[in-house]
Amino acid sequence: MKKFRVNYPRNPRRFLRILAVLLCIGFCVRLGCDYWLDYLRHPEYSAPFWVWALLRGADFLLPAGLCAVAAAVLKRKNPAVPDAPENPDL
């Protein structure tokens, strides 16, 4: 029977920072879609738009902040690991 091995990223700090940036971009895209597709087309919604922004912030920006904090904690605990892998061909 084969053992299943999980390949972890080589640099978890970089992975967490990229994930945080992608979540922030996703927040902007989703909030724009909410505004153009739902809020403007359906004026019968009683909640103001800033309530929608708070809900989307909880969906996207809270995990992005957690990823950024985790990357900072990893950097503080292990500062010897470089951010970018070295190129052995140079």
Side-chain angles (χ1 to χ4, degrees):
M1 189 158 113
K2 282 186 163 181
K3 289 186 179 180
F4 180 72
R5 183 175 175 185
V6 177
N7 292 328
Y8 293 105
R10 290 184 197 171
N11 193 344
R13 289 191 322 226
R14 186 175 186 188
F15 173 75
L16 288 171
R17 286 190 309 229
I18 290 172
L19 185 61
V21 168
L22 288 176
L23 283 168
C24 290
I25 291 171
F27 168 75
C28 294
V29 169
R30 180 64 193 253
L31 195 63
C33 289
D34 281 344
Y35 182 73
W36 290 105
L37 298 178
D38 290 332
Y39 192 72
L40 290 179
R41 289 186 181 179
H42 304 288
E44 65 271 5
Y45 292 151
S46 62
F49 188 68
W50 62 268
V51 174
W52 290 50
L54 283 176
L55 292 174
R56 293 299 173 217
D59 288 343
F60 287 95
L61 296 180
L62 186 63
L66 290 175
C67 288
V69 168
V73 167
L74 284 176
K75 185 174 186 176
R76 187 173 298 186
K77 284 192 174 199
N78 194 3
V81 177
D83 284 336
E86 295 180 15
N87 191 352
D89 296 335
L90 294 177

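Below, all heavy atoms of this structure are taken into account, side chains as well, without hydrogens, waters or symmetry copies. What you see is a predicted model; the values in this text were computed from it and never measured.
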* Asked: Is there a path from Leu54 to Val51 through hydrophobic residues (I, L, V, M, F, W, Y) whose side chains come within less than 4.5 Å of each other?
  ->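 Same cluster.
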* Verify same cluster id: Phe60, Leu37 (apolar side-chain graph, 4.5 Å) ->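 No, it is not one cluster - the side chains of Phe60 and Leu37 are not joined through contacts under 4.5 Å.
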* **Where Ala71 and Arg17 come nearest, the two heavy atoms and their spacing** =>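 Heavy-atom minimum between the residues: CB-CG, 3.9 Å.
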* What residues, two or more places apart in sequence or in another chain, satisfy side chain to side chain contact (heavy atoms under 4.5 Å, CB included) together with Asp34? ->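 Testing Asp34 for side chain to side chain contact (heavy atoms under 4.5 Å, CB included), a comparison that skips the adjacent residues, returns Arg30, Asp38, Trp52, Arg56.
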* Could you pull out all residues at least two apart from Tyr35 that satisfy side chain to side chain contact (heavy atoms under 4.5 Å, CB included)? =>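 So Tyr35 forms a side chain to side chain contact (heavy atoms under 4.5 Å, CB included) with Tyr39, Leu40, Phe49.
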Output a table of donor-acceptor pairs, distance under 3.5 Å, between side-chain atoms of residues 19-29 and any protein atom two or more places apart or on a different chain; print 'none' if there are none.
none

